[in-house]
Amino acid sequence: MPVHAPRSFTVQWGSESVLVSNVEPDLPVATGDAELAKVVAAGRANPVTLLPEAAWRAVARATTGPDGVAVQLRPTPEEPAGLLMVENVDGATLHSVVTRVHLSEVLPGIQPRTGMEVMEIPDPQVQGITDEDRPCAIVRYRYQDLAHLRNHVWQTIHGTLSLNSYAPSILARKVTRNLITHPVEITFEDGTESFHALVVRDGITRLASAWAVQAGPDADAAEAAGLAVDSLFGKNPTVSPGPGGDPLGQRLATGRERWRRALREEFAQAMAMEEPGTRAAQIAQTYVLPAQIAVGAEGHPGHLLAAEDIFDDAIRSVLASVHVEFKQWDAAAQNVEVATRALKRVIQLGDSLVPKDDLQVVYGLAVGRIPVEELPSVFTADGGTAPPGTALWRSVYLVHALTRPELLEPLKDQAKAIKGGKRMGLKGFAELLGPLIDLPWRSYKKHVTTQARNAWNNGGVLTSDVIQEWEPLPTDDFTSLVKPALLGDRDARCTLAVAGGVALIADKLLTRNVGSALNAAKEKGGVPFRADVNQVVEDLSQQHNELGLWTLALAANRFRSDALPENAVTMRQLIHKQKTEGEAGTPYVHFKTDLGEPDQIERDADGVPVMLHQWDVVWASNPDRALKAHPPKALFVPPQPGPGAGAPAAGPAAGPATGSAEADESVPGDGGEESGTAGSTEAGSSTHPAPGRPQEVSRPASQRAAEHRYVLRQSVTGARDALDRLLLLEPEVGRHTPIVPVTVLDELHKLLIGLQTDVENLRRKAAPEETVTDDEEAPEELGV
């Protein structure tokens, strides 16, 4: 029991009044070396916990109750594994301590839900750690350099707060649910010395929100992320060596303890006041957080995974159970998690007919570790031809690798085991592939991502031929594959099916057919008949279907991974906006195929290429079926008049048409109003100084007003330029992190509304009133 009871008081948080409860009068003090040694000794003596000594020191440094952690770790005759929390997951048992940790001693870890997002800063490489072939409850994060680590932490906190924040709730009641954490060894490719720390794997929103509270009510997500990075790693990005030659981890820990000491002093001063303020509440409610720290992992007998993968897979199982049963990730995030874990399990099983090294390459390509540019050096055809390093060719090789008969069934089996299902059909497997395939372009085509993934849920490009034996045929021109495909070359047909099918799906020219599409117009995404997406792709790629093969080849040739075509009707406004920005190059458009033209592109009567629609794609897949569903309408032929009979109907029919045309051309063009307006403007343009006004010693107000008008115009123009730059950066930032948070947009919207109102009021004052000259009569109002 504390000597002094916790306090409660009300503080102002922005525009809200928040009742802050259970504020302890004191903050935990720094942990001494002797207490750290207790935790390290107890941890190394426990038979079920395998951690390096540096990892135990990171655990001891993070906790505010080292004695309690040591008690949980200490074995007893009744409990040989101590009083650790035990969780049994698929294939492993996790052992954890439950304690409280310093906010400034935990880093945000890799978020599984971002596996289906494109991020500016790539995730670090992850590798498991073993001790004599036993899994350790720790993983190794490999960053490029210290700047990569800082930027990755900033991105995670900023992106999380841009989506959601629990700041007011945490200010009122602290973080009340345990964060799931574990130790990591952080290493660097540039040779920077490694160090150990704790990372949060579940509860990153709570962690980020605690930093938002610490930053204050007026701080935005970027400022909160900046505060976190500076507090964790110091304001100096390089962290120069200390005079005593201390290692990097110790220098960082010393800086964090210095930051916490300053907070304790600030908190003591605030609590000494008669009525503590907001700053006291910010520090008290976020100084420590409840945490569950995984410190041990045991693989079950007969487990599938290698020892280095057991712990990470167990942690991911815990997270998946939380976010599938309790707080669900969206379907795409779940699919990424299932697909990548299933592939990893197949690799570790070792009984696949595909060599492990090849599977590791496929895994790297699937999760984005192998960039698109390295595709030519990774995949080379038997004849020595390397594929182009493009996003579309990445999709071809990824689909080919994951659907080989020797790999497809093992992948489906492991995916079923992870999802807990009894069967998985081809459509279910295609659903897993969607978020893996669209990795390079999902931020640029995010406005049609939902439709594209629905198409993958409906079979994607997994035709009966694609899931059989075939090999991709690398080429810079997909139309060169049409001729061999017509001659029966399976490799050419499947290459066109995957490349063209992926292009059509990604650009919303092939979507999951629903009943409403049958009644929709061609320009609105209508289709001539119902068919699954993979069936349409299969029919397009048939040997006898020249129209379909050319449709696939042309779509693949025109595909771009950094934009959406004008065919995607939902993007018309944004595409028009891009055109007005003065973008170079021709518009990105898919055109309808016409086998009678030299370039296979259909043109209208004026010679303009005809835009491709989903109707045309589905029609090209099976023209016979389309004709049955939509037979050509017979033209009406009027009966011929008999001999001597007149044709009086022609005259009246022509009369109104001619009259209508003449009426359209004879639009009145009276310029009276225009001249009157000009005259009024000229008449009201002269100004006279107000009589009797005292002369100012300073410059005249009109001169000062001219300067302020210049500032106003430059400021508005600068705001326009900043907004344009934000829109250009939006595809690079991705969907996970809004380019401008909603709260900032709301504030800007209010400011702009006020500015628009003031400008409109000034405009009305400046606009001269229309006057009536003496020789004109004012028009009389007509009563009707």
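Reckoned from all heavy atoms, side chains included, excluding hydrogens, waters and symmetry mates.
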Provide the closest heavy-atom pair for [X] versus [Y] in the form atom of the first, atom of the second, distance.
X    : Y    : value
P440 : R394 : CD-NH1, 3.5 Å
N534 : N458 : OD1-O, 3.6 Å
H152 : P124 : NE2-CD, 3.7 Å
A506 : V448 : O-CG2, 3.5 Å
F429 : L402 : CZ-O, 3.6 Å
A503 : L392 : N-CD1, 4.3 Å

Heavy-atom donor-acceptor pair, [X] side chain to [Y] backbone, under 3.5 Å:
X    : Y    : value
T463 : E538 : no
N545 : A620 : yes
Y397 : F379 : no
T511 : Q451 : no
H400 : W470 : yes
R558 : V589 : yes
H590 : P565 : no
S165 : L161 : no

Which residues pass the salt bridge (Lys or Arg N to Asp or Glu O under 4.0 Å) test with [X], not counting sequence neighbours?
X    : answer
K483 : none
K592 : E602, D616
E409 : K412

Taking side chain as C-beta onward, heavy atoms only, is [X] less than 4.5 Å from [Y]?
X    : Y    : value
I315 : V139 : no
I157 : P108 : yes
L595 : Q600 : yes
Y166 : T205 : yes
D491 : L481 : no
R201 : H182 : yes
V461 : L433 : no
K427 : D532 : yes

_Charged N-O contact under 4.0 Å between D465 and R493_ = yes

*Would you call R625 and D539 a salt bridge, taking side-chain N to carboxylate O under 4.0 Å as the test?*
no

Nearest-0.5 Å distance, [atom1] of residue [X] to [atom2] of residue [Y]:
X    : Y    : atom1 : atom2 : value
D489 : L473 : CG    : CG    : 5.5 Å
C494 : E471 : SG    : CD    : 10.5 Å
T449 : W441 : OG1   : CH2   : 10.5 Å
R560 : T390 : CZ    : OG1   : 13.5 Å
L496 : S480 : CG    : OG    : 8.5 Å
L509 : M611 : CG    : CE    : 9.5 Å

*Audit row: V536, S621, side chain to side chain contact (heavy atoms under 4.5 Å, CB included) steps and yes/no*: CA-CA 6 Å; V536 173; S621 69; 3.8 Å; yes

*Mind checking whether W615 and W619 have parallel, tilted or perpendicular rings, split at 30° and 60°?*
parallel

*Mind telling me whether F478 and W393 have parallel, tilted or perpendicular rings, with 30° and 60° as the class edges?*
parallel

*How far apart are the C-alpha atoms of Q535 and N622, what are their side-chain angles, what is the distance that settles it, and do they pass the side chain to side chain contact (heavy atoms under 4.5 Å, CB included) test?*
CA-CA 10 Å; Q535 186 61 53; N622 196 331; over 6 Å; no

_Using side chain to side chain contact (heavy atoms under 4.5 Å, CB included), reason through Y444 and L564 one step at a time and then give a plain yes or no._
CA-CA 7 Å; Y444 296 99; L564 261 178; over 6 Å; no

*Go through the steps to decide whether T495 and T475 satisfy the test side chain to side chain contact (heavy atoms under 4.5 Å, CB included), and finish with yes or no.*
CA-CA 10 Å; T495 302; T475 178; 5.8 Å; no

_Residue pair N557, D477: steps toward the side chain to side chain donor-acceptor pair (under 3.5 Å) verdict_ = CA-CA 7 Å; N557 266 4; D477 182 7; 2.7 Å; yes

